Amino acid sequence: MLKKLFSVIMPVDQQARDAIIRRNILRDCARMGGTLFGSVPKGNRREFFCLDQNTWVWHEEWTESNGMRRALTTRYDVRPHGIFKAQDGQPYQPLTPEEAQRLYLAAYQYNLKVHEKFDPLLAAVHA
Amino acid sequence: MSRHTNSGKFKTPQGEQHPHSREFARQVASLTDGDVRGMEAYRGEVDAALGRMFGPANRSVPHDVFHPNPAFTSGAAVVAEATANQPTYYSAQGVAHNNQGIRYEQQAEKVSGLNDGSAMPAVTEVMTNISSANIDQQMEASEPDELDWKMTQLAEAYEKLERARENA
């Protein structure tokens, strides 16, 4: 049992360790990304992050007036012919210019924040 | 070689931490080589992603009228307002924006009505399952095998997506 638990916490395989680290980085940055848009109403959960070079993800969770918990994941794909979004399994749709512009701003701010987070650490490590 | 144990835990410094503070030094010391590689890789990915958004890859933003996600619109509007007070942002990116703005119009007709999301639902479904918002629960509730399975599903979905793109 202890051995199994140990393997979960600290997988021997480097690839698995890297995957966990990447997931933790994504999780941390997603929380940070959720704060880019101002305060989040109490009880809501908002995350925004860069999944990979072509993909941005917005995730929002909230409680409706009837008490029902709702969640919405929006995925933005940056493709050679434009930016497309999909929400919770719906077909991809191209963005409006307004939404694309907002996505640009959010991505730009996200990039700044990532650098604010990582640059000092990496500079110190390599110093 | 690690500066410390390979814990797989990742914590970034909070904004208020001074680069020379003891806490900052502790965090630097606790970073593993994997953490450093992960940060460098992700920072590079975000840079590349931003480059794709502002670069040639996105010269054509579709001009169709779709209803944007209200949550995104309302939230991003805050960013737009906040960023409007940062003229350096516009001076740094203004040229690219302007150039792209012209190209959006030029390409609008080509993109109009396009919907090639054949492989996307699978990706989106998996994305929802492993989205960052669920990672805490996934990490706590899932057995490693299940996580591996989901990562495999995601990889397969991406392969389908790549094939769809190649065939498009």
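All chains are named by letter (A, B, ...) in the order of the sequence lines, taking the proteins before the strands, and each is independently numbered beginning at 1. Computed from a prediction, not measured in an experiment: that's the story for all the values here.
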Do [X] and [Y] have side-chain heavy atoms sitting under 4.5 Å apart?
{"X": "B:Val46", "Y": "A:His115", "result": "no"}
{"X": "B:Leu50", "Y": "A:Tyr110", "result": "no"}
{"X": "A:His126", "Y": "B:Val36", "result": "yes"}

Rounded to the nearest 0.5 Å, what separates atom [atom1] in [X] from atom [atom2] in [Y]?
{"X": "A:Phe118", "Y": "B:Asp35", "atom1": "CZ", "atom2": "CG", "result": "10.0 Å"}
{"X": "A:Arg17", "Y": "B:Arg37", "atom1": "CZ", "atom2": "CZ", "result": "8.5 Å"}
{"X": "A:Ile25", "Y": "B:Met39", "atom1": "CD1", "atom2": "CE", "result": "6.5 Å"}
{"X": "A:Asn111", "Y": "B:Glu45", "atom1": "CG", "atom2": "CD", "result": "12.5 Å"}
{"X": "B:Leu31", "Y": "A:Leu121", "atom1": "CG", "atom2": "CG", "result": "5.5 Å"}

- Note on the structure: If one checks every heavy atom of A:Asp18 against chain B at 4.5 Å, the contacting part turns out to be side chain

- Message: Looking at A:Cys50, is its backbone amide N or carbonyl O close enough to the side chain of B:Tyr42 to form a donor-acceptor pair, meaning the two atoms are under 3.5 Å apart?
- Response: yes

- Looking only at heavy atoms, what is the nearest atom pair of B:Phe24 and A:Ala124, with distance? CE2-CB, 3.8 Å

- Could you tell me which non-hydrogen atom of B:Gly38 sits nearest to which non-hydrogen atom of A:Ile21, and how far apart they are? CA-CG2, 4.5 Å

